[in-house]
Structures are given as structure tokens and as C-alpha cells.
Amino acid sequence: KKAAPRKEGEILIGFSSRDLSAEYTAKLSEAVVDYAKTKSGVKLVMVDAQSDVQKQFGQVENFIAQKVDAIILNPCELEASTPAVDRIKTAGIPLVLVNQVTKSAGDSYIGSNDFDAGRIAMEAVAQKLNGQGGVLMLHGIMGTSAQLQREAGAREIFAKYPGLKLVDHQTASWDRAKAMALTENWIQAHQGKFSAIFAHNDEMAMGALLALERAGLKKDVYVIGIDAIAQALTAVKEGRLDATVFQDAVGQGKGSVDAAILLAKKQPCPKETMIPFQLITRENLSQFLK
Amino acid sequence: MLRALELRKDFGGLTVLHPTSIDFLPGEVHALMGENGAGKSTLMKIVAGLYRPDGGQVEWRERYTEFTSPHDALVAGIAMIHQELMPIPDLTVAENITLGAEPCSGFGLIDRPAQLARAEELLGELESDISPTRMMRTLTVAQTQVVEIAKALGRQADVILMDEPTAALSDHEVAALFRAITRLKARGVAIVYTTHKMDEVFRLADRISVLRDGRLVGTAPAAELNPSKLITMMVGRELADVFPVRHSPSDEILLEVSGLTREPAYRNISFQIRRGEVVALAGLMGAGRTEVVSAIFGLQPASEGQICLKGKPLSIRNPQDALAAGIGMVTEDRKGLGLIPALGVGQNITLSALCDYGRGPLINHSAEAAASESQMTEFAIKATSPSQPIAQLSGGNQQKALLARCLLGGPDLIILDEPTRGIDIGAKAEIYALIQKLARAGKGILLVSSELPEVLSLAHRIVVLRRGSVSATLDAAATDQETVLRHAMPL
Amino acid sequence: MHTLDRNLLHRFGLLLVIFIVGLALSLLTDTFLSVANFTNVARQISINGILAVGVTFVLLTAGVDLSLGSVVALSGVACATFAHPGEHSVFVPIAVGLFTGAACGLVNGVLVTRGGVAPFIVTLGMMTIARGLALIFSGGRPVANMSNELTALAGDLFGIPIPVLCFAGVAAAAWFFLRNFRLGRHIYAVGGNENAARAAGVPVEKVKLFAYGLCGLLTGLAGVVLAARITTGQPNAGQAYELDAIAAVVIGGTSLAGGVGTITGTLLGVLLIGVINNGLDLMGVSSYYQAVIKGVIIVGAVWLDRRQARS
Amino acid sequence: MHTLDRNLLHRFGLLLVIFIVGLALSLLTDTFLSVANFTNVARQISINGILAVGVTFVLLTAGVDLSLGSVVALSGVACATFAHPGEHSVFVPIAVGLFTGAACGLVNGVLVTRGGVAPFIVTLGMMTIARGLALIFSGGRPVANMSNELTALAGDLFGIPIPVLCFAGVAAAAWFFLRNFRLGRHIYAVGGNENAARAAGVPVEKVKLFAYGLCGLLTGLAGVVLAARITTGQPNAGQAYELDAIAAVVIGGTSLAGGVGTITGTLLGVLLIGVINNGLDLMGVSSYYQAVIKGVIIVGAVWLDRRQARS
Ligand SMILES: Nc1ncnc2c1ncn2[C@@H]1O[C@H](COP(=O)(O)OP(=O)(O)OP(=O)(O)O)[C@@H](O)[C@H]1O
Ligand SMILES: Nc1ncnc2c1ncn2[C@@H]1O[C@H](COP(=O)(O)OP(=O)(O)OP(=O)(O)O)[C@@H](O)[C@H]1O
Ligand SMILES: [Mg+2]
Ligand SMILES: [Mg+2]
């Protein structure tokens with residue numbers, strides 16, 4: 001299936017996604033691809049960096065060699081993806097960053113701030129516990145930007161409420177099974193000393209939830225995740241999961257395609273479009289279940 | 001010059017070498033004799049730095065020395081030809097020969113021309129025509145042994161320990177080795193020589209030391225001994241005639257091979273074996289004997305030709321087929337095609353006939369143990385228990401275990417490729433007796449052996465191979481070594 | 001029997017390490033030594049345990065299987081796809097999961113035996129392929145909405161977690177098989193010296209095919225159990241599970257060169273890894289240091305064990 | 001020489017596959033066949049290439065090194081920590097990175113040779129330990145703010161990317177070394193038959209130590225190059241890099257059992273993996289299918305290669 005030759009006047013957009021095997025990014029990337037299909041005169045090529053900065057860098061170089069008209073980059077990392085951004089800028093290709101910033105700015109950024117996600121989630125915990133109680137935190141893969149920023153956001157809230165105590169925190173590498181085992185161990189070690197679990201993503205929140213349910217402790221513990229993946233929403237609806245933080249994958253995806261087209265046509269485009277995180281609880285769930 | 005002082009070695013709580021002292025003198029061939037498992041190799045390996053002694057010392061040039069590795073011993077001037085062949089399969093012959101002593105031109109850079117020249121020179125000394133650029137993997141067992149010898153000769157050592165260097169060699173190479181040894185003696189090199197071939201001892205040795213069950217029985221000048229005296233020292237009793245009488249075979253044809261061909265190794269091989277008959281395949285090294293019998297056993301099927309057993313044509317694609325048809329074989333390459341090193345002796349023995357010791361897919365452990373123990377007794381296999389890993393047995397005992405494996409399934413046709421290699425004289429006599437017993441019981445035996453006396457006295461008929469073709473089929477009773485050799489020699 | 005002796009020694013060295021680690025944890029935490037926590041450890045090691053038992057067979061034949069983790073994910077996805085409530089009987093998703101695993105294992109086996117490709121490459125290929133297939137079949141999303149009958153597989157039976165029962169059953173069967181079946185002995189022979197085994201009439205190809213197939217089947221089982229436990233078929237589940245499983249087997253004394261090893265050893269290896277993971281969590285050791293400590297204990301345990309077995 | 005013949009054959013089979021893949025890509029895309037893209041491929045394979053060359057040495061001795069990826073991260077972090085602008089000369093961070101890698105490699109080597117622990121376990125332990133250390137030293141955060149002199153290492157020299165030059169240099173040196181140096185041949189001997197090598201007076205322990213140390217050093221180099229390229233010491237970089245590197249080496253005909261293999265083979269393996277990755281991206285194949293296709297091509301290439309080498 002030969003990649004059709006570029007037609008005159010057609011806009012070619014290169015899109016490097018951070019990791020298509022992660023549910024949130026997959027959703028975002030699907031939105032990008034689907035939305036691009038609805039635009040006539042636009043051809044989009046998507047590649048998957050599989051969470052590897054260096055691989056993504058290579059993909060960016062491939063795009064430059066292909067002389068694409070615009071690049072949408074969903075960077076793997078805050079720091080380490082910066083050279084890739086610089087390379088694109090040196091090549092003079094319009095660049096849209098989506099979902100994650102880098103040290104160097106692109107021509108446009110569509111997304112949200114992971115600090116906010118951590119802040120919103122922990123704030124919800126603080127409200128629920130009235131600023132008093134023990135909290136456990138499940139980290140994503142250590143050293144990744146999302147983990148670092150979500151942790152930093154959460155720590156801000158801990159500083160604000162001295163009554164909140166971080167009983168223990170540990171990585172479960174974004175993985176549900178690992179989060180489940182970790183929570184089981186925590187139940188042994190800290191039973192009765194914690195009343196909330198904050199997971200850096202919903203996968204891990206689901207794992208914590210399952211462990212708590214199995215131990216019959218869910219009613220005593222408030223569990224919150226980030227991303228609002230489908231299963232998390234269902235769980236919120238069923239009253240199992242307490243809350244999650246919504247990140248608008250579809251909104252970010254569409255926004256980035258629009259921005260890329262504007263930039264490729266050398267039309268003005270907003271430097272930054274923030275699509276804020278939102279807390280989802282049972283109360284406001286209906287507006288997110290479309 | 002070299003002296004073993006009260007050397008002792010234990011393996012897993014078992015003393016295999018009791019405190020033993022022997023002197024070795026320059027310019028002398030000192031033969032080390034003894035039954036399988038007597039501790040000959042163990043003693044030599046201690047001297048060569050491969051094993052650390054559990055007691056006693058090595059005195060070298062009037063000084064006590066402790067070699068912590070073969071490297072130390074080699075640097076000091078002690079080289080060893082190991083009983084166990086140790087090729088590096090994916091290096092060239094030249095690289096194997098010069099291993100550890102590569103000629104270098106500074107900075108550790110190998111001087112290739114010098115390396116090749118050295119290898120040629122050493123092979124030339126052994127009158128061998130193996131090309132130094134061949135890959136070791138492609139060599140036959142005998143050729144591998146020649147390379148091992150060349151490797152040790154090349155170390156310019158003052159002592160060379162030779163542990164059964166001729167086990168895989170035929171007369172031609174043996175003669176060349178002996179000439180080389182004579183030259184070494186003249187240079188004042190001390191040679192320690194172990195063998196199970198009686199004639200060699202008396203041709204070579206100046207003095208002889210005999211070990212039995214890990215103890216030194218005695219040391220004597222060769223001139224003071226004769227074969228029967230020596231055997232008595234080794235075995236602890238007198239041994240009757242080694243070769244038993246042959247019985248005449250029946251007329252029923254057991255195996256008929258016709259037109260077996262696999263170019264370029266052999267072509268158009270035809271012969272028959274009757275029940276109760278021992279047929280020997282004779283020939284020089286590389287004549288293709290191993291390849292022919294491998295084809296019959298399905299290890300490397302022939303491309304053309306027919307094999308009929310008991311009048312039925314067989315299509316043998318692998319050893320499984322052969323075993324099912326009633327053909328058993330003891331391979332020449334003990335280590336490569338025989339032993340499962342980590343399994344116990346008993347499990348090695350029962351491996352081929354495991355179906356007979358159990359119900360359905362299950363193993364009946366007690367039946368299996370009984371079978372392996374009776375085989376071990378019958379073949380006098382020296383091991384601490386049936387579960388001792390076979391890798392820990394002495395070479396001769398390993399060979400006996402493989403024979404036991406082959407016979408356990410009760411095959412009609414038994415192929416023996418160099419079955420007595422590395423086997424002591426007592427055990428050899430037992431194996432010869434066994435071969436005759438099997439023949440009497442109506443089995444057919446196809447024997448490949450490089451020892452012509454063995455061939456002449458065991459076989460009824462001798463099929464001589466020359467470069468992959470049958471050059472003669474001789475009646476063993478009416479022929480002699482010269483005739484066989486004449487047919488074996490390339491024209 | 002000597003093989004047994006040697007294993008007892010091996011066992012003893014490892015047991016010692018496990019005992020020391022356990023003792024340390026009992027002193028350092030007040031939660032390690034409790035029935036609830038032991039159940040926990042048992043539950044947590046059961047998936048790695050099932051995988052380790054399976055891959056023991058492959059390692060014994062001197063092969064390797066790097067595709068475990070991906071095949072766990074693929075079987076989990078396959079199982080979950082057929083496990084929506086009210087669609088099929090609960091046996092269908094289980095069968096589908098097991099079948100998927102076994103099929104992957106058999107493909108590995110065929111490529112190794114007939115294709116003559118090194119097991120490392122074959123199973124590395126399968127690792128990528130199975131992961132890709134898991135993502136394709138699931139559309140990159142977790143397959144949720146599994147029936148309660150299936151997720152009940154992660155529950156308890158007579159107070160014992162079903163995954164633990166599965167693991168125990170699998171281990172006992174494997175132990176019995178390797179000791180008492182002819183095919184079990186043949187596996188050791190093939191791993192010990194393939195050419196010699198062939199010359200002794202062992203059907204080497206069939207033996208290997210069996211080992212890979214069985215390993216695949218057990219991987220499928222692990223996939224089903226995992227899916228039941230996390231109530232989803234997760235296409236990116238099981239990352240690097242093969243490493244933990246192979247590590248457990250090798251810690252337990254099985255040689256990567258084949259021909260040597262036992263199921264009891266594997267069990268101890270699985271237990272050691274499980275206890276370390278559990279204990280470090282209980283002690284609240286920071287995850288950075290957890291990694292370092294875990295690495296040190298594993299290497300140290302094997303070192304001690306081998307030293308002790310040698311003497 | 002026979003070694004050469006056989007390598008030519010190996011080479012030929014793989015070359016054929018690479019050629020076919022390349023041809024297909026040239027027809028299917030209009031960008032594959034361009035200088036810019038070739039430079040890209042070269043740049044993209046250089047890190048895997050350096051690692052693959054290093055691990056070739058270890059595999060030749062019949063060992064294995066699973067710690068590559070983690071050590072890349074650790075050396076990158078170590079290098080970046082000393083690379084802040086204006087603090088040290090550019091040689092300091094480079095030396096620190098190389099030293100870190102070499103130290104890890106030597107520790108591996110010592111544990112394998114003196115400790116008698118299986119390379120798989122030792123390097124698996126090091127994999128966890130080095131990752132933990134990278135996180136500890138960096139505080140779990142990317143170490144940024146590297147001097148321009150250091151990041152210039154990812155730039156060009158005479159129009160050729162410096163990482164590519166590093167890779168080429170390393171490969172050429174390794175090729176020459178393995179063929180013509182005594183130590184190089186001893187590496188083959190140790191891998192081919194360790195007992196025989198020891199009996200022939202080859203200092204087996206030293207040879208292995210050298211192989212692990214060199215592999216570590218080159219891993220350190222890869223870490224430095226990666227840090228320069230992404231201008232950060234990333235503690236979670238290099239995940240699973242060991243698999244790609246070992247795969248390249250094995251595809252290139254090096255036996256995991258040791259004693260057989262060449263640097264030219266490794267280069268072809270690296271090239272094949274690089275071309276597949278690049279080509280599938282260029283064609284815009286969905287990443288799920290990429291995984292499947294990549295797995296199939298790798299297994300297929302090795303299968304073809306071995307088949308052809310046998311005949
Ligand atoms: N690594 C080992 N572990 C345990 N026992 C061993 C080991 N090596 C040798 N033995 C035992 O030591 C004894 C002496 O063996 P050795 O190899 O020295 O005999 P040998 O005299 O050379 O016999 P052969 O003529 O058969 O070569 C044997 O009983 C053997 O089983
Ligand atoms: N000098 C040689 N040069 C090249 N190839 C040889 C040489 N000698 C033997 N061969 C190879 O070995 C094959 C025959 O080996 P085989 O092992 O069957 O011989 P054999 O008669 O059993 O000798 P032995 O067992 O004494 O080594 C030949 O087909 C040939 O390929
Ligand atoms: Mg001996
Ligand atoms: Mg022969």
C-alpha cells in the first residue's frame with residue numbers, strides 16, 4: 001500500500017504520539033487522526049514513540065526529512081524532548097505541542113498543566129478529609145514528566161493542609177496489577193492509618209480500588225485518579241471510584257489539528273490554548289458521559 | 001626435575017587419589033598405568049595446575065610450587081594433552097594449536113603468517129596433513145586428537161603429560177607421535193604417558209608407575225616388567241587370554257546393506273552381517289567408517305542405498321527409527337553424541353530404553369533403578385551411586401556406561417564405533433568377552449576399530465574401507481595386519 | 001539420589017536466604033508475620049509463579065521464552081473479549097485465554113524446532129508480535145466489562161485465593177511430571193546434550209515443542225488469572241514479566257544452559273522475589289532504594305547459594 | 001579462510017533481507033531513498049549500534065548483559081551532573097560517563113568471574129541497581145542544563161553526525177580487535193569452550209572481565225551520546241535498550257552460546273532493525289501493526305539467513 005504521493009497543495013502533517021499503548025494518549029491520538037480525516041486537503045501521518053525520547057527524536061528527524069508542512073508533537077518529556085523541538089524550529093517547520101510542554105516553546109501549545117491535575121486531585125482529597133488524615137500516593141514511572149508534575153502539584157496541597165499526612169508513596173509504574181499488589185501490601189502495613197489514595201493515573205486508581213474492595217475497606221478510603229478513562233468513569237458512575245480528574249483528550253486532539261492547519265497555512269494561531277483539567281465526581285459525571 | 005609429593009585429591013568426600021609420590025626425570029618416558037578410575041588423569045591434572053591438590057605438593061626444579069591454574073603450569077614449562085578432547089569448535093586448526101601461546105608482533109597483535117607457519121610445523125612433526133586453516137568443527141575425532149597433541153608439543157615445555165594421546169589414533173599417526181616423542185626425549189623433555197595399550201607401553205616407556213584405586217602400587221623400570229606382570233600389578237590378579245575364542249555364526253542374514261552412498265564421504269557400500277557374526281569395518285583415519293555406521297543408525301542418513309534388517313527393508317531417518325528396528329549403537333564421539341553430562345549414570349544408562357521401565361508415559365523408578373544397578377554391576381562401572389552425574393566418572397567408566405545403555409534395550413544389531421577407546425585392559429577383556437557372548441546369543445555386531453589386533457581377533461569378517469569405498473572384504477581367520485593395511489592404504 | 005542431594009543443597013542455601021530475609025522483615029515490621037500478609041504474598045506471587053513453572057520447562061531444554069509478558073497480555077485480552085456478562089459460559093473465555101497462550105507457545109516451538117531459529121530471536125519476535133496483536137484486538141484500550149463469574153476466579157475458595165490454588169496445582173503437577181514422566185526425563189536429556197539425546201533415541205523436536213507449548217499454555221493461564229484479578233484485558237499488561245519469571249527460575253538453580261533444575265528450586269526463587277517485593281513495600285522503602293536493594297539481594301542470594309552448593 | 005567464507009554467507013543472507021526491505025521501502029515511500037533519510041537512519045542506529053558492539057563481546061564469551069539500558073541511564077545522569085555550563089571542562093563529564101559505565105561493567109564481570117553467579121542474574125541485578133542509582137543520584141528528576149560543549153557531541157563534524165562517527169569508530173576498532181588481537185581470539189576461545197581455553201593457559205577470568213568491562217565502557221559512551229542528544233541526563237532513559245542491542249547481535253549471527261559471531265554481523269543486525277523502524281514510520285504504518293511486522297521480519301530474516309547459511 002504505497003503511501004500516496006503528495007498532491008499539490010495538500011497539507012502534510014506529521015504527528016508523533018508519546019505512547020499509543022497508554023490509554024489516555026491512545027484516545028488523544030485517535031482524536032487527532034479522526035479529526036484530521038474530516039479536513040479536506042490534509043494528510044496526517046502518525047507515529048508512536050513508545051515512551052522513548054530518543055525514538056521520538058528520530059521520528060522528528062524523519063518528519064523533517066520528509067519535509068512535512070507542520071508537526072504535532074506529543075512530547076515524551078519536559079526536558080529531554082527539548083532538543084527535538086529545537087531541531088524542528090531550526091528546520092523552520094511549524095510546530096504544535098500537545099498535552100506536554102518542553103523547555104523550548106512550540107508555535108502553539110494545546111493542553112493542560114499536569115501540576116493542575118495533581119493539585120485538583122489532592123485538593124479534592126483534602127476537601128473530602130477536611131484537611132485531616134493519612135494519604136497514600138501511587139506514582140507513575142519515576143522521572144517521567146507526568147509523574148514529576150503530578151507529584152509536585154499534590155505536594156503543594158500537602159503544604160497547604162498541615163493536617164494531611166503522606167503516609168507512604170511508591171511507584172506502580174502506571175500499571176494496574178502493580179498498583180493492586182502495592183495497595184494490598186499497604187493495607188497490611190498501614191491499615192487504619194490512611195483514609196485516601198491518590199493515584200497518578202486511573203489505571204493505578206482502579207488497581208487500588210480493586211485491592212481495597214477485596215479487603216472490604218473501600219468504604220473507609222477515598223480513591224481518586226487522573227485521566228478519566230472509560231473504566232474509571234464507569235466506576236465513578238457505579239459509586240466505586242470516588243473521583244477522577246478529567247483531561248480532555250478529544251479537545252486536545254482536535255485543537256492540535258486545527259492549530260497545525262492554521263500554522264501550515266501561515267495563518268495566525270493562538271500561542272497557547274489551555275484546556276483545563278476538571279474534577280469528575282458522581283455529581284457532575286453526566287456531562288462527561290457522552 | 002618434577003616430583004609429586006604425597007599428592008592427594010578428594011571429590012565430594014571421596015578420596016580418589018591417596019597420598020602418592022612419583023619422580024619424573026628429564027629425557028625419560030614415564031608411563032602411568034592403571035585401571036579405569038585409578039586416578040591417573042587426576043594425578044596429571046594436579047601436576048598441570050587444573051586441579052588443586054587436597055594434600056601434598058608438587059616439587060618443580062627443586063622447589064615447591066603451587067600452580068593455581070594451567071596458565072601457571074604452562075609458564076613454568078609443564079604442558080598436558082588431555083584425555084578429554086577439548087577443541088574450540090569455531091576457531092581454525094592453527095588457532096587451536098597456538099591457543100594461549102599465539103605468536104604476537106607487539107601490542108598483542110597476532111602475527112598470522114607466523115601462526116600458520118607454527119601450526120604447519122607442528123602438524124608436520126606429527127606427519128599429519130590437516131590443513132591449519134580448517135575449522136576445528138569440521139575435524140574428525142582422530143584429527144582433533146592430532147591437533148591436541150600438536151597444541152601440547154608447541155608449548156616448548158620441559159614436561160609433557162600425555163593422557164591417552166593415542167586413544168583415537170590409528171597406527172600411522174601413532175607411529176608419527178612416537179617418532180616425535182623420541183625427538184623430545186633426546187631434547188631432555190620429561191614425558192608422562194598414560195595409555196591402555198600394552199604394546200605402546202613397552203615400546204616407549206623407560207619406567208612405569210602403576211596406580212590402583214588411587215594408590216601407587218609401585219614404580220619399576222620397564223625392562224624389569226613384562227605385560228603379564230604389569231597387568232597383574234594393575235588388576236591385582238592375573239588375566240587370562242584377552243581375546244576369547246570366536247564361535248561360528250549362523251547362516252541367517254541379519255543385516256544387508258547395499259549401495260549405501262552419501263557423497264563425498266562414501267559410496268556404494270555393500271555388506272552383510274549374519275546372526276552371531278562380528279563384522280569389522282577397518283580403514284585409515286577418515287576413511288569414512290564412522291559416517292557409514294552413522295548412516296545405518298540414522299544419525300546422518302545416506303542419500304542412496306538400502307538397509308535390510310531381518311530381510312525387511314528399513315527406512316531409517318533418525319536414531320529413533322533405528323532403535324525401534326532393533327539397532328543399537330555406541331558412538332565414537334563420547335562427549336558430543338553420548339553423554340548427558342548432568343544426568344546421573346543410571347539415568348544415562350536407561351535413557352534409550354526408558355519405555356521398558358514404566359507404565360504408559362510414567363517411569364517406574366524402582367524398576368529403572370534395578371535395571372541401571374544391574375547394568376552397573378554387570379559392566380563393573382565405578383561410581384559412587386547411580387545418581388552420580390556421569391560427567392564426574394573417569395573416561396573409561398563413561399564408555400562402559402554408554403555400552404550399558406546401548407545393550408539395555410536388547411538390540412539385534414549392535415554397532416560399536418571404537419568401543420574400547422580409553423578402556424583399561426581388564427575391562428577390554430570383559431568387553432571382548434561380552435561381544436562374543438552377544439554373538440553367541442545370535443546378535444549381529446558391526447565393529448569399527450582402529451586397533452588392528454582387536455579387529456583381527458574379534459571379527460569373523462573384515463570390510464576394509466578406502467576413501468569411502470569398500471576395497472576388500474576379508475576373512476579374518478585367513479588374513480593378517482599387512483593385508484588389511486595394504487587394502488586400507490590409498491593407492 | 002544424587003540429583004536430589006544436590007537440589008537439597010541448592011534448596012538449603014536459598015532457604016537460608018529466604019529465612020534470613022523473612023527474619024529481618026519480621027523484626028523490622030510488625031505486619032510481615034501475619035496470616036493476612038502471607039495470603040497476600042501468596043496471591044501476589046501466583047502469577048509470576050505460574051509463569052516461572054512454565055518457563056522452567058523451556059529453560060530446561062536450553063531454550064528461553066521472552067514472550068511471556070506479551071502473551072500474558074494477549075491471552076488476557078482474548079479472554080476478556082469473550083467474558084462480557086451474559087454472552088458466553090465462563091468456560092469459553094477461559095478456554096480462549098488458554099488456547100491463545102498455547103497457540104503462541106506452539107508457534108514459538110515450531111519456529112525453534114522446524115525453523116532452526118534461536119529461541120532468543122523467536123521469542124523476542126513473539127514478544128513484539130503478541131504485544132502488537134493484543135493492541136490490535138483491543139484497539140489499544142483495556143477490554144473491560146467482564147462477567148462476575150470470570151472475575152470470581154480471582155476470589156477465594158475455602159478461604160484460599162483461587163490464583164494461589166492454580167499456582168499450587170500447576171507447580172505440583174509440574175513437579176510430578178518432571179520426576180515421573182518419561183517426557184519429563186527427556187526434557188532434562190534434551191537440555192543436557194541435545195545431540196546425545198537424539199542419538200539415544202529421544203524425539204528431540206517433539207520434546208521441545210511440548211516444552212514451548214506447555215509454557216505457552218501456562219502463560220495463557222497466567223493471562224486469564226491476571227485478567228480476572230484486574231477485571232480487565234489490559235493490552236499493555238505484563239511488561240517485563242518474563243524477566244521476573246526467568247529470574248525466579250534461575251535463582252532457583254535452573255541453568256540457562258539447560259538440563260539442570262527443579263520445580264522446587266523455581267518455587268523458592270518465586271518466593272524469594274515475592275517476599276522481597278512485599279517486604280520492601282511493608283517497610284516503606286523508597287522505590288529508588290527498593291530497586292537497588294532488590295538487585296543486591298537477588299545477586300547475593302544466588303551467590304551464597306552457589307558458593308554453598310559448591311562446598 | 002573458512003571463518004570468512006561462513007561470515008560472507010551469513011552476511012549474504014542478511015544483506016539480502018536488508019536489500020529486499022530497502023527495495024520495498026524505496027518503492028513504497030518517496031522519502032526512504034534520500035541522503036537526508038540515510039543520515040537519519042545512521043543517527044538513529046548509532047546508540048543501539050554502540051551498545052550492540054559492546055554486548056557482542058559479552059555474548060561471544062557466552063555471557064549476557066541485561067543491564068545495558070539502565071547503565072545507559074545511569075551514565076547519562078552521571079555525565080549530565082558534571083556537565084553544567086561553566087563548571088568543568090567538557091572532558092570531565094565525558095570521563096565521568098565512561099567511567100560510570102565501565103565501573104558497572106567491571107562489577108558485572110567480577111561477580112560473574114569471582115562470584116561464579118550466572119551472567120543472567122548478575123546483569124539482571126545490575127539492571128535494577130543501576131536504575132535505582134540513576135533515580136537516587138538525580139533525585140528522580142531529569143538532570144538538565146548541560147553545557148553547549150557537551151551537547152555539541154550530538155552535532156555534526158564534516159557534515160557527519162558525531163554519534164555516527166563514534167559508532168563507526170567503535171565498530172571499526174572492535175572489528176580489528178576481535179580479528180587481530182590475541183585477546184580478541186581469546187574471547188572466541190573462552191566462549192567456544194571455556195574449559196579448553198583454561199586448559200590451554202588462556203586467562204579465562206581476565207578475558208571475561210575485559211569483555212564485561214569493555215561492554216560497560218561502551219554502554220557509558222552510549223549514555224554520554226544519548227545525554228548529549230537529548231540534552232538531559234534522564235534517569236528513566238534506555239528502557240529495554242538491552243533487548244534491541246542483543247537482538248541486533250543475535251540477528252547478526254552471534255550465538256548466545258558463545259564463541260561464534262562477528263562485528264560485521266552485528267552491524268548488519270543493527271542496520272536491519274534501524275531500517276525497519278525507520279521504514280515503518282515513513283510508511284505511516286500504525287504502531288500496533290508495526291510491532292507485528294517488526295517481529296515477523298526479524299524472525300523471518302534470521303530464519304532465511306540460517307537456512308541459507310546452512311545450505
Ligand atoms: N569432577 C569429579 N567429581 C567427582 N569425582 C571425580 C571427578 N573427576 C574424577 N572423579 C573420580 O575420580 C576417580 C579417578 O578418575 P580419573 O579420571 O583420574 O581416572 P583415570 O585413572 O584417568 O581413569 P581412565 O583410565 O578411565 O581415564 C574416578 O573414580 C572418578 O569417578
Ligand atoms: N585429511 C582430511 N581432510 C579433509 N577431510 C577429511 C580428512 N580426513 C577425514 N576427513 C573427513 O572425514 C570424513 C570421514 O570421517 P569418519 O569419521 O567417517 O572417518 P573414520 O574412518 O571413522 O575415521 P576416524 O574415526 O578414525 O576419524 C570424510 O568424509 C572427510 O570429509
Ligand atoms: Mg583418565
Ligand atoms: Mg571413526
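Every chain is numbered from 1 and lettered A, B, ... according to where its sequence line falls, protein lines coming before strand lines. Values reported hereafter were calculated over all heavy atoms of this structure, with side chains retained and with hydrogens, waters and symmetry mates removed.
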NZ/NE/NH1/NH2 to OD/OE distance under 4.0 Å, A/Glu213 and C/Arg229: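 Between C/Arg229 and A/Glu213 there is no salt bridge, as every charged N stays at least 4.0 Å from the carboxylate O atoms.
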Straight-line distance of [X] [atom1] to [Y] [atom2], nearest 0.5 Å:
X	Y	atom1	atom2	result
C/Met283	A/Asp168	CE	CG	11.5 Å
A/Ile187	C/Asn37	CD1	CG	11.0 Å
C/Asn145	A/Thr234	CG	OG1	8.5 Å
C/Ser286	A/Met142	OG	CE	7.0 Å
A/Ser21	C/Arg131	OG	CZ	7.5 Å

Can you tell which part of [X] gets under 4.5 Å to a heavy atom of chain A, answering side chain, backbone, both or neither?
X	answer
C/Leu226	side chain
C/Val285	backbone
C/Leu282	both
C/Tyr288	side chain
C/Ala154	both

Sort [X] into side chain, backbone, both or neither according to what part of it lies under 4.5 angstrom from a heavy atom of chain C.
X	value
A/Gln191	neither
A/Leu210	side chain
A/Ala22	backbone

Quick check for you: among [options], which has the greatest number of heavy-atom pairs under 4.5 Å with chain A?
options	value
C/Thr31, C/Asp30, C/Asn40	C/Asn40
C/Ile47, C/Val41, C/Thr231, C/Thr29	C/Thr231
C/Leu135, C/Asn278, C/Asn277	C/Asn278

Chi angles and distances behind the side chain to side chain donor-acceptor pair (under 3.5 Å) call for C/Gln44, A/Asn185: CA-CA 10 Å; C/Gln44 284 162 20; A/Asn185 290 340; 3.0 Å; yes
A/Lys55 atom NZ: more than 12 heavy-atom contacts under 6.0 Å: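 Count over threshold, so yes.
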Among A/Arg176, A/Met206, A/Gln231, residue most engaged with chain C (heavy-atom pairs, under 4.5 Å):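 That would be A/Arg176.
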Among the listed options A/His169, A/His190, A/Lys178, A/Glu30, the residue most often paired with chain C at heavy-atom distances under 4.5 Å: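 The candidate making the most pairs under 4.5 Å is A/Glu30.
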Non-hydrogen side-chain atoms of C/Pro142 and A/Glu203 separated by less than 4.5 Å: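 When only atoms from C-beta onward are counted, A/Glu203 and C/Pro142 do touch, with a gap below 4.5 Å.
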Minimum heavy-atom distance between C/Gly140 and A/Ala26, given as atom pair plus value: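 Taking every non-hydrogen atom into account, O-CB, 4.5 Å.
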Check: C/Asp281 side chain, A/Leu182 main-chain N or O, donor-acceptor pair, under 3.5 Å: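 No, the answer is negative, given that no donor and acceptor are paired below the 3.5 Å cut-off.
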Any donor-acceptor pair under 3.5 Å from A/Glu23 side chain to C/Arg141 backbone: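 Absent.
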Worked verdict on C/Ser34 versus A/Gln188 for side chain to side chain contact (heavy atoms under 4.5 Å, CB included): CA-CA 9 Å; C/Ser34 68; A/Gln188 294 304 314; 3.7 Å; yes
